[in-house]
Amino acid sequence: MADPIESHVDLAALPKEERLSRMRHSAAHVLAEAMVELMPEAELGIGPPIDTGFYYDFRLPRPLNADDLVWLEERMRRSIAGKHAFRMSALTKAEAEAKWAAQPFKLDLLKDLEEGNVTQCTHAAFTDLCRGGHVNDTGEIPAFKLMSIAGAYWRGSEKNPQLQRVYGALFESQDELDAYEQQLEEARRRDHRRIGRDLKLFDLIENIGPGHVIWLPAGATIRRELMRWIEDLEIERGYQHIVTPNVGKKELYVRSGHWSHYQEAMYPIMEREGEIYALRPMNCPSHIMVYESELHSYRELPIRLAELGNMHRWEKSGQLTGMSRVRIMTLNDSHIFCTGPEQVEEEIAGVLHLMEEVYGTLGLRNYSYRLSLGDPDDKEKYVDNPPMWEMGEALLRRVMQQSGLEFYEAKGEAAFYGPKIDVQFQTAAGKDETLVTIQVDFHLPAQFELEYVAEDGTRQRPIIVHRGVLSTMERMVALLIEEYEGNFPLWLSPVQAVVIPIADRHVAYAEEVAKELRAAKLRVEVDGRNERMNGKIRDAQMRKIPYMLVVGDREAEARAAAVRVRGGGDLGATPVVDIVAKLRGERDAKALVPGVFKDA
RNA sequence: GCCUCCGUGGCUCAGUUGGCAGAGCAGCCGUUUCGUAAAUGGCAGGUCGUCGGUUCGAGUCCGACCGGAGGCUCCA
């Protein structure tokens, strides 16, 4: 017989997070109640709270549709209006197994529960296996909305059956729920796929193949500016740039371990004249070949080999997303060959500094550092060498602690050959995405039997630091589009200024103005179309061009232009020489917002 | 890859119960020569993602495939 458990809770006294979590979890119960009424054959999975609400997983006799969501939500609201109490009680394992005999997922959950630890929760006519964490009665469930239907594997493993997941949003007030929906709308506005098309930055053409980015002239300009910039920063820091091929022989990848650990993520293999080639999924093996091609002295190390190298990965079709998840990408990559742990620490500290500088200049703020660890139990995913993992993880942890930067740790997120520091960004849609990684690698040096000649003449094994800073050009530009909402800083703007002649007779002068700006390597267009000035301004605004230089009779007379800043600011008539100086200064300072920069 | 949904000119969308493919913007040709977010007239543009099926007849119904979106799994 079930024993009741006292579970009254004073919601107002709880921290908001705990209160919300109880409300969300309770709402999931009410969703399940509604679902078993809609489809009595429904098999129940789990229904936890999440950041924005809750979900519940079900195996159902048929696919859910939008009308079902409307019905379920209605039914939930009735249950909420009924103010049914949530009652927790304990039962024995045997009782529970009998009770959920027809519920395979509940039985699966029960297997992991210890006797004496089995509890259930009842509200209205519905009882679910549950460890608790509810509000007192359904009436305490506040503003919510069923959002979407999705597929999800039972217990998150693709080896298990796939269930239908219903997502709900839930907040304490209707205002907060409305704000959340507005936030989703805002995310859609900032979506790099939409802006990328509107501003003609990039394209994905069906016949070229999914995940294969076409950089249109405007996008290619942004990409080129970023690449020039990062290469210059690297040169200042002692990096040497190399260029290596996009393909390599099978033997190279067998030796690196990619063949056995990474092959399903590689493009199909090529074969000719009895030789097998692969499109490279990573640049490390090629860079190692460069290191290996000569004998190195400890005096040369650290050797920092860098390349804006192309990588080719057969991402699963369902995983491709605009420019942020693609199949062919260009990574701002480098491999730093170090003599030992001390040098590794110094080098990683240097990389972290560079990251802070680069992200600071780009105005990026929503990121955090994650120490991604291996999983000793997962011998399939990771190379099996426990001491190597322990050494690498301890080393990275020490560097992060010394850097003074905040970080958190995550198990099972490492690369197959070693632990890493991931830079995690929040996308416009609120999702966490890895931008770049820093990895310590003892594995590849061993695989390739790399050496350097130490001070005492002996041969020693170097340690490799793998690192990106700007990430792949694809993912970085996707992120920047969303960050700036397409309003790029002057230095990155594909077109930095458009000269707008008021009438046809001003076109010649407009060309002269443009010529002066171009002499300063500014990217300028003249809008000589047969349009009214208002129309040209509107078009320039929509194209998010930082500066509009309006020229009419008065300006032509004074060798000036009326300067309008993107967003509406009017700087008034300004001599062309001053405009050139101002834009140059703003560009070279990489100012984030046009019109604000003041020349020192 | 898996689950659900979606696919009509370059873009955004309309298209009744299956009955002759439409609009706005963009483009092109004119007219207008204009002072800070859309002047105006005309023209052109679509094998309705592809292939197959049902039907007298398919944009519309069915199937497969391709592509996209949201999830799951995986990852820069």
Side-chain angles (χ1 to χ4, degrees), chain A residues 55 57 59-60 63-66 68 147-167 184 188 191 193-194 197-198 200 203-207 209-211 262 264-265 281-282 311 313-327 329-333 372 381 413 415-416 420 422-425 429 431 433-437 466 468 470-476 478-479 500-507 530-542 548-555 562-570 572-573:
Chain A
Y55 67 78
D57 289 343
R59 182 152 69 181
L60 304 172
L64 287 170
N65 58 47
D68 292 326
M147 303 297 284
S148 60
I149 306 154
Y153 298 108
W154 172 241
R155 296 200 162 196
S157 166
E158 58 188 337
K159 295 187 182 88
N160 289 338
Q162 192 158 45
L163 311 180
Q164 295 189 65
R165 175 172 294 179
V166 177
Y167 277 102
L184 292 179
R188 275 190 283 277
D191 191 317
R193 291 166 295 192
R194 198 181 72 77
R197 188 180 56 235
D198 288 350
K200 295 184 171 45
D203 205 351
L204 290 156
I205 296 173
E206 191 174 330
N207 281 337
Y262 209 76
E264 82 291 349
M282 295 185 194
M311 309 192 298
R313 299 183 182 178
W314 194 263
E315 300 292 346
K316 294 177 189 170
S317 55
Q319 192 47 71
L320 300 170
T321 303
M323 272 212 303
S324 63
R325 191 74 185 271
V326 301
R327 284 185 173 152
M329 65 212 99
T330 305
L331 181 68
N332 156 230
D333 205 0
S372 297
K381 184 171 173 189
E413 298 283 356
F416 76 78
K420 53 182 182 159
D422 289 322
V423 183
Q424 297 297 112
F425 267 82
K431 275 184 293 189
E433 199 167 60
T434 301
L435 190 70
V436 261
T437 67
H466 305 239
L470 264 191
S471 177
T472 61
M473 293 304 120
E474 290 74 16
R475 187 165 283 184
M476 176 50 86
L479 178 74
I500 298 177
I502 289 176
D504 286 351
R505 65 178 182 279
H506 307 120
V507 170
N530 180 14
E531 283 291 335
R532 287 169 68 234
M533 183 199 65
N534 276 340
K536 294 179 186 180
I537 286 176
R538 179 166 192 274
D539 288 344
Q541 285 288 157
M542 305 249 280
M548 283 145 265
L549 308 177
V550 178
V551 295
D553 293 329
R554 299 198 297 266
E555 287 77 14
V563 180
R564 181 190 162 103
V565 187
R566 174 179 67 202
D570 188 353

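Per chain, numbering begins at 1; letters A, B, ... match sequence-line order. Below, each value reflects all heavy atoms present in this structure, side chains not excepted, and no hydrogens, waters or symmetry copies.
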With rounding to the closest Å, how many angstrom separate the [atom1] atoms on [N] and [M]?
{"N": "rG9(B)", "M": "rC28(B)", "atom1": "C1'", "result": "15 Å"}
{"N": "rC13(B)", "M": "rU8(B)", "atom1": "P", "result": "9 Å"}
{"N": "rG22(B)", "M": "rG45(B)", "atom1": "C1'", "result": "13 Å"}
{"N": "rG59(B)", "M": "rG18(B)", "atom1": "C1'", "result": "10 Å"}
{"N": "rU47(B)", "M": "rG63(B)", "atom1": "P", "result": "26 Å"}
{"N": "rC20(B)", "M": "rC34(B)", "atom1": "C1'", "result": "44 Å"}
{"N": "rC75(B)", "M": "rA38(B)", "atom1": "C1'", "result": "44 Å"}
{"N": "rG46(B)", "M": "rA21(B)", "atom1": "C1'", "result": "8 Å"}

Salt bridge or not between K316(A) and E264(A)? Use side-chain N to carboxylate O under 4.0 Å.
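E264(A) and K316(A): not salt-bridged.
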Cationic N near anionic O, under 4.0 Å, R165(A) to D57(A):
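Yes, charged N to carboxylate O under 4.0 Å.
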Comparing G552(A) and Y262(A) on RNA chain B - which has the more 5′ nearest nucleotide
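Checking each residue's closest nucleotide, the 5'-ward one belongs to G552(A).
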Please tell me which of A503(A) and T434(A) maps to the more 5' nucleotide of RNA chain B, matching each residue to the nucleotide holding its nearest heavy atom.
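The residue whose closest nucleotide sits nearer the 5' end is A503(A).
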Quickly work out the [X] [atom1] to [N] [atom2] distance and round it to whole Å.
{"X": "N160(A)", "N": "rC74(B)", "atom1": "CG", "atom2": "P", "answer": "12 Å"}
{"X": "K159(A)", "N": "rC74(B)", "atom1": "NZ", "atom2": "C1'", "answer": "12 Å"}
{"X": "D504(A)", "N": "rU33(B)", "atom1": "CG", "atom2": "C1'", "answer": "6 Å"}
{"X": "L163(A)", "N": "rU4(B)", "atom1": "CG", "atom2": "P", "answer": "12 Å"}
{"X": "R554(A)", "N": "rG35(B)", "atom1": "CZ", "atom2": "C1'", "answer": "6 Å"}
{"X": "K536(A)", "N": "rU33(B)", "atom1": "NZ", "atom2": "P", "answer": "14 Å"}
{"X": "R59(A)", "N": "rC3(B)", "atom1": "CZ", "atom2": "C1'", "answer": "13 Å"}
{"X": "I502(A)", "N": "rU33(B)", "atom1": "CD1", "atom2": "C1'", "answer": "11 Å"}

State the pairing partner of [N]; accept Watson-Crick or G-U wobble contacts with both distances under 3.5 Å, and report none otherwise.
{"N": "rG18(B)", "value": "none"}
{"N": "rC65(B)", "value": "rG49(B)"}
{"N": "rG30(B)", "value": "rU40(B)"}
{"N": "rU54(B)", "value": "none"}
{"N": "rU60(B)", "value": "none"}
{"N": "rC75(B)", "value": "none"}

So, [X] side chain and [Y] main chain: donor-acceptor pair closer than 3.5 Å or not?
{"X": "Q164(A)", "Y": "L64(A)", "result": "yes"}
{"X": "E315(A)", "Y": "G211(A)", "result": "no"}
{"X": "T434(A)", "Y": "V436(A)", "result": "no"}
{"X": "T472(A)", "Y": "R475(A)", "result": "yes"}
{"X": "D539(A)", "Y": "K536(A)", "result": "no"}
{"X": "D570(A)", "Y": "G572(A)", "result": "yes"}

Remember a base hit wins even if backbone is also touched, and classify [X] as base, sugar-phosphate or nothing at under 4.0 Å, heavy atoms.
{"X": "S471(A)", "result": "sugar-phosphate"}
{"X": "N65(A)", "result": "nothing"}
{"X": "K420(A)", "result": "sugar-phosphate"}
{"X": "L435(A)", "result": "sugar-phosphate"}

Hydrogens and angles aside, do D422(A) and S372(A) bring a side-chain donor and acceptor to less than 3.5 Å of each other?
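Yes, side-chain donor-acceptor contact under 3.5 Å.
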I'd like to know if the side chain of R564(A) pairs up with that of Q541(A) as donor and acceptor (distance under 3.5 Å, no hydrogens or angles considered).
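R564(A) vs Q541(A): donor-acceptor pair found between side chains.
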Give the B/S/- string for nucleotides 62-72 of chain B, one per nucleotide from 5' to 3', where a protein heavy atom under 4.0 Å of the base yields B, of only the sugar-phosphate yields S, and otherwise -.
----SSSSBBB
Tell me, for nucleotides 36-48 of chain B in 5' to 3' order, what letter each nucleotide earns: B for a base near a protein heavy atom under 4.0 Å, S for only sugar-phosphate near one, - for neither?
BBBB---------
Does R313(A) reach the side chain of R327(A), with side-chain heavy atoms less than 4.5 Å apart?
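Side-chain contact under 4.5 Å: no.
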Closest listed nucleotide, where the reference is the side chain of R197(A) and the choices are rC11(B), rC75(B), rU33(B)
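Nearest to the side-chain atoms of R197(A), counting from C-beta on, is rC11(B).
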From the options rU33(B), rU12(B), rA76(B), select the nucleotide whose nearest atom is closest to the side chain of E315(A).
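It is rA76(B).
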Using the side-chain hydrogen bond (donor to acceptor under 3.5 Å, both in side chains) rule, pick out the option among R193(A), R188(A), R194(A) that qualifies with D191(A).
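The option that passes is R193(A).
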Side chain of R505(A), base of rC34(B): donor and acceptor closer than 3.5 Å?
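When only heavy-atom distances are counted, R505(A) does not reach the base of rC34(B) through any donor-acceptor pair under 3.5 Å.
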